[in-house]
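The chains referred to below are lettered A, B, ... by the order of the sequence lines, with proteins before strands, and numbering in each begins at 1.
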Amino acid sequence: MYRTHTCGELRAHHDSQSVILAGWVHRRRDHGPLIFVDLRDRYGLTQVVFDAANDASVHAIASEARSEFVLQVTGNVRKRPAEAINPELGTGEIELVATAVSVLNPAKQTPLMINRDGNEEEPLRLKYRYLDLRRERMQRNLILRHRFVKFIRDFLDKENFIEIETPILTKSTPEGARDYLVPSRVHDGEFFALPQSPQQMKQLLMVAGYDRYFQIARCFRDEDLRADRQPEFTQLDMEMAFVEMEDVLDVVERLFTAMVPAVIPHKRTISPFMRLTYAEALERFGSDKPDLRYGLELIKLNDIVANSAFTVLSSAVASGGQVKGICVPSIANYSRKQIDEITDIARQNGAKGLMWAAVPADGGELRSSFAKQVSTDEMQAILAAMNAQPGDMVLIVADTTKVVTAVLDKLRREFANRLNLADPNLMAFAWVIDFPLLEWDAEDNRWNAAHHPFTAPLDSDVALMDTDPGNVRAKAYDLVLNGYEVASGSVRIHRREVQQKLFDLLGISRETSLAQFGHMLEAFEFGAPPHAGIAPGIDRIAMILADEATIREVVAFPKTQQAQDLMMGAPSPVDEKQLRDLHIKLR
RNA sequence: GGGGAUGUGGUGUAGAGGCCUAACAUGCGACCCUGUCAAGGUCGAGACCGCGGGUUCGAAUCCCGUCAUCCCCGCCA
C-alpha cells in the first residue's frame, strides 16, 4: 500500500494515528537538525516534520530531498502546538512526524516552479505541460471543468436525456469549416473527415426516435486559432424532437441557471436570460455577441447629422452608412496622446478617423476634434442625444455600417476593460434570436447558410425565400455570455421539400445534394419528427467560469496558434510505409 | 494571407550605443541554524543577450531578414 491517506485529508481527530502519505515535495524548510517538508498531492498539502533527534537516518534522506521529489512518508499524526497552527491550510492543525521515508523518484530542477504561479513564456508551459498541470491554477481549472461537465450529465439525465456517442471517423461535407481528413487504407483515394460537429448524426437520432439526446462531443475544425478557438474542442451537443425553439431555450436556460451556483457559488446569473434580436444586438452593441455586463451602448446620430455642413458626417449618411458613437464616462481629461492611442484602435479596425468631444468635469470649455466643423446647436444636439455628462467623452465614427459597427464594438470592449466596467462575477447570459438564414458571399457570388444548411426559416418568412432571400430570418439562436458566443442552435428542417428548397437556394446542385446529403433527404421521408437542438461550447464556458482569458487554460493539452502540440511534437512526419499503405504520395 | 507585440543564466525581470568582464530576485550547489510554513544567514556556480546579416571605432541596445510564441483581421456552415 502506497498511502493510507491523501495529503489533504488529515485533521486534528487523526492525532496519534500512524499513517502513510505519498506525494511531491512542494516546499522544504531546512533548519538543520529539523526539516519541514510540505508534501503535496492533488488533495492538498501536509507538513511533514523530520527531526534528527528522532531518527538520524530518516532525517538524512529528507535533507537530500528537493522540490518535486516523490516521497513516501510513514509517520505519526501529531497536533501542532497552538502557536504553530497554520489556518491557511486544511491540514494546518496537524503535522506528520516522519518515522520512515523513501524516495520513490527524485526530480531534476524543473523548468517551471510548481510551487508558485509563475509567469513563464507560454511555449515553455506547453512543452512541459505535465509540470504545468501540477500547479494549483491548472488543477483548479481542470477540476472546475470536471464539475461543470458532471453537473451537465446529471442535470440532463434527470431531464430524460440520454448520452449517445457518434463516430469520429465520418464524412466530409462541402459546407462549413475546413475538415480534418483521415485517409482510408481500405479504400484507395478516399477519406474520412473528423466531425465539425455531430450535426447530421444527432438529427438522424431524432428520426430514430431518441427524442432527447446529448453528448459531450469532441469537434474538429481546421481553421486558424484564436484565444477562444482550438482546432479540437468540446461541445455539449443536444437535440430534442417534438419541440420548438422555446423548449430548447427553456432547458438550456434552466441548466445553466442551476449550474452556476452549484459549480462556482461566488458567481451569479440573471433570470430570465435577456433576449435580443440579431438586428438589435448589432444596433445597440455593434456585436452579435455583446457583453451585457455594462452599458456604453451605441447611439445612432444619423438623423441629427444628415444635413450637417460637415461632410464627413452628412456624406456617411447620404451614402447609406451610419454615424454612431459611444459616450465614455470619466475620460474627459484624456491627453492628446491618449486620444491618439484610441484613434489608432479605430484606424486599425477600418475607420478613417475618430471624432471626439470631451465635456470637462469642472464645467470648462468643450474640447473636441470637430467642434469647428459643426454648429453649436448641432454639437449640443449630439451631446444631448448621447446623454454626455460633465467628465464624459463621446467618440463618434462615420463610415459604412460595417466599419462603424466593428470600430465601436472594439472601443466599447476597450473602455469596459480600461474602466473595469465588467463585473467578473456576473454571468450575463443572453439569447440572440432572429438571425438571418442566409449570408451573401460576395467572393463566390452565392448565398451561404448563416448557421448551417439544416436550419429552418421563420414560418412568417418562408414566402421570402423566393423573393428576398437575404431578409429571411431563421429559427436560429445563439447563447452569448460576457462577450462570447457560447452556444448556437436552431430548429431544423424536417421535411424533404423544404430542405431541397434550401439546398437549391444555396446553389447546391440536385446531384451534389443527393451525393452529400442524400441520407438526410431520404431520412426525412421516413417519418422525421419536428426537432431542434443547440450546442454549447464547453471550453469557452469553462474558461469564463475559471476567469481565464484563453481557452488553453481549461484544456489539458492545448495546441499553439500554429496548431502544434509542443509537448508531443505533433504533427510530425510519418514513415514512407505508412504513406504507401494509405495510397498517399507527398508533393 | 495580413497587422501588431514579445524573445537576456533553470525561471521571471532590469538594461535605452561605451559605465556590460551583463545586474536583481528566485531556483541550484556548499556550509551554519530545533518551530518553520515564500523560513533565515554566509559563500559559490550559472547567460557569449532567439538565429543570421548589416550600420558603427564600439551593439543585448540601432537597421534588415528569419524563426518561435502570443493578440487581432481574414477564416471559423
Letter per nucleotide, 5' to 3', of nucleotides 4-13 of chain B [B base touched, S only sugar-phosphate touched, - untouched; heavy atoms, 4.0 Å]: ------BSSS
Nucleotides 39-50 of chain B: protein proximity per nucleotide (B base, S sugar-phosphate only, - neither; heavy atom, under 4.0 Å): B-----------
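When both pairing distances are held under 3.5 Å, rA45(B) makes no Watson-Crick or G-U pair with any nucleotide shown. Using the Watson-Crick or G-U wobble rule with both distances under 3.5 Å, rC57(B) pairs with rG18(B). rC37(B) is unpaired under the criterion used here, namely a Watson-Crick or G-U wobble arrangement in which both key atom distances are under 3.5 Å. Partner assigned to rC51(B) is rG65(B), using Watson-Crick or G-U wobble distances below 3.5 angstrom. The pairing partner recorded for rC70(B) is rG4(B), the criterion being a Watson-Crick or G-U wobble arrangement whose two distances lie under 3.5 angstrom. Pair check for rC75(B) finds none; no Watson-Crick or G-U wobble contact set falls under 3.5 Å. Nucleotide rA23(B) has rU13(B) as its partner under the Watson-Crick or G-U criteria, with both atom distances under 3.5 Å.
Here Ala177(A) lies in heavy-atom contact (under 4.0 Å) with sugar-phosphate atoms only. Across all strands shown, Arg413(A) has no heavy atoms under 4.0 Å from either base or sugar-phosphate atoms. Using a 4.0 Å heavy-atom distance criterion, Asp51(A) is classed as a base contact. Note on Thr455(A): nothing from the nucleic acid sits closer than 4.0 angstrom, heavy atoms only.
If you measure from atom CG of Asn115(A) to atom C1' of rA38(B), you get 8 Å, rounded to the nearest angstrom. Gln562(A) places its CD atom 11 Å from the P atom of rC71(B), with the value rounded to the nearest Å. Between the C1' atom of rG3(B) and the NZ atom of Lys410(A) lies a distance of 12 Å, rounded to the nearest Å. Rounded to whole Å, the distance from CZ on Arg125(A) to C1' on rC70(B) is 12 Å. In this entry the distance linking CZ of Arg80(A) with C1' of rU36(B) reads 9 Å, nearest Å. Across the protein-nucleic acid pair, Glu136(A) atom CD and rA38(B) atom P stand 14 Å apart, rounded to whole Å. The separation between Arg78(A) atom CZ and rU36(B) atom P is 14 Å, rounded to whole Å. To the nearest angstrom, C1' of rC73(B) lies 13 Å from CG of Asp409(A).
Summarising the geometry, atom CG belonging to Leu204(A) is positioned 10.0 Å from atom CD belonging to Gln199(A); distances are rounded to the nearest 0.5 Å.
Aromatic ring centres of Phe415(A) and Tyr294(A): separated by at least 6.0 Å.
Mapping Pro33(A) and Arg66(A) onto RNA chain B by nearest heavy atom places Arg66(A) at the nucleotide closer to the 5' end. Nucleotides of RNA chain B nearest to Leu126(A) and Leu34(A) differ in position, and the one nearer the 5' end is that of Leu34(A).
Comparing the P positions of rG46(B) and rG9(B) gives a spacing of 15 Å, expressed to the nearest Å. To the nearest whole angstrom, the two C1' atoms, one in rC32(B) and one in rC24(B), are 25 Å apart. Comparing rU6(B) with rA38(B), their C1' atoms are spaced 28 Å from each other, to the whole Å. Spacing of C1' atoms, rA39(B) relative to rU26(B), comes out at 15 Å, to the nearest Å. Distance check on atom P: rG58(B) versus rA14(B) gives 29 Å, rounded to whole Å. Separation of the C1' atoms belonging to rA59(B) and rG54(B) is 11 Å when rounded to the nearest angstrom. Taking the C1' atoms as reference points, rG52(B) lies 16 Å from rA60(B), given to the whole Å. Taking atom C1' on both nucleotides, rG10(B) is separated from rU56(B) by 35 Å, rounded to a whole Å.
Out of rU34(B), rG74(B), rU36(B), the shortest distance to the side chain of Ala53(A) is found at rU34(B). The side chain of Asn86(A) lies closest to rC37(B) when the candidates are rC37(B), rC75(B), rC71(B). The nucleotide whose nearest atom lies closest to any side-chain atom of Arg229(A) is, among rC70(B), rC76(B), rG35(B), rC76(B). Which of rC70(B), rC75(B), rC28(B) sits closest to the side chain of Glu122(A) comes down to rC70(B).
Residue pairs meeting the side-chain hydrogen bond (donor to acceptor under 3.5 Å, both in side chains) criterion with at least one partner in residues 56-65 of chain A, sequence neighbours excluded, are Asp55(A)-Ser57(A). Residue pairs meeting the salt bridge (charged side-chain N to carboxylate O under 4.0 Å, His left out) criterion with at least one member in residues 495-507 of chain A, sequence neighbours excluded: Asp466(A)-Lys501(A), Arg495(A)-Glu497(A), Arg496(A)-Glu525(A), Asp504(A)-Arg510(A).
For His5(A), the ring-ring contact (aromatic ring centres under 6.0 Å, His included) test picks out His14(A), with sequence neighbours left out.
For Gln196(A) and rC76(B), the shortest distance from a side-chain N or O to OP1 or OP2 is not below 4.0 Å. At the phosphate of rU69(B), OP1 or OP2 sits under 4.0 Å from a side-chain N or O atom of Gln564(A). For Arg221(A), no side-chain nitrogen or oxygen approaches OP1 or OP2 of rC75(B) to under 4.0 Å.
Ring-plane geometry between Phe503(A) and Phe517(A) is classed as parallel, the angle between the planes falling under 30 degrees on a 0 to 90 degree scale with a further cut at 60.
Electrostatic pairing of Glu232(A) and Arg218(A) counts as a salt bridge here, judged by a charged N lying under 4.0 Å from a carboxylate O. Remark: Glu120(A) does not engage Lys127(A) in a salt bridge, criterion side-chain N to carboxylate O under 4.0 Å. At a threshold of 4.0 Å, the pair Lys352(A)-Asp399(A) counts as salt-bridged, since one of the basic side-chain nitrogens sits closer than that to a carboxylate oxygen.
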Stepwise side-chain contact (heavy atoms from CB on, under 4.5 Å) test for Met465(A) and Leu505(A): CA-CA 8 Å; Met465(A) 287 177 79; Leu505(A) 253 178; 3.9 Å; yes
Worked verdict on Gln230(A) versus Asp539(A) for side chain to side chain donor-acceptor pair (under 3.5 Å): CA-CA 9 Å; Gln230(A) 283 273 303; Asp539(A) 316 82; over 6 Å; no
Which atom pairs, one a donor and one an acceptor, fall under 3.5 Å between side chains of residues 107-116 of chain A and the rest of the protein, sequence neighbours left out?
| residue | atom | partner | partner atom | Å |
| --- | --- | --- | --- | --- |
| Thr110(A) | OG1 | Leu112(A) | O | 2.6 |
| Asn115(A) | ND2 | His26(A) | O | 3.0 |

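Among the candidates Arg418(A), Lys410(A), Arg412(A), the single residue satisfying the salt bridge (Lys or Arg N to Asp or Glu O under 4.0 Å) test with Glu414(A) is Arg418(A).
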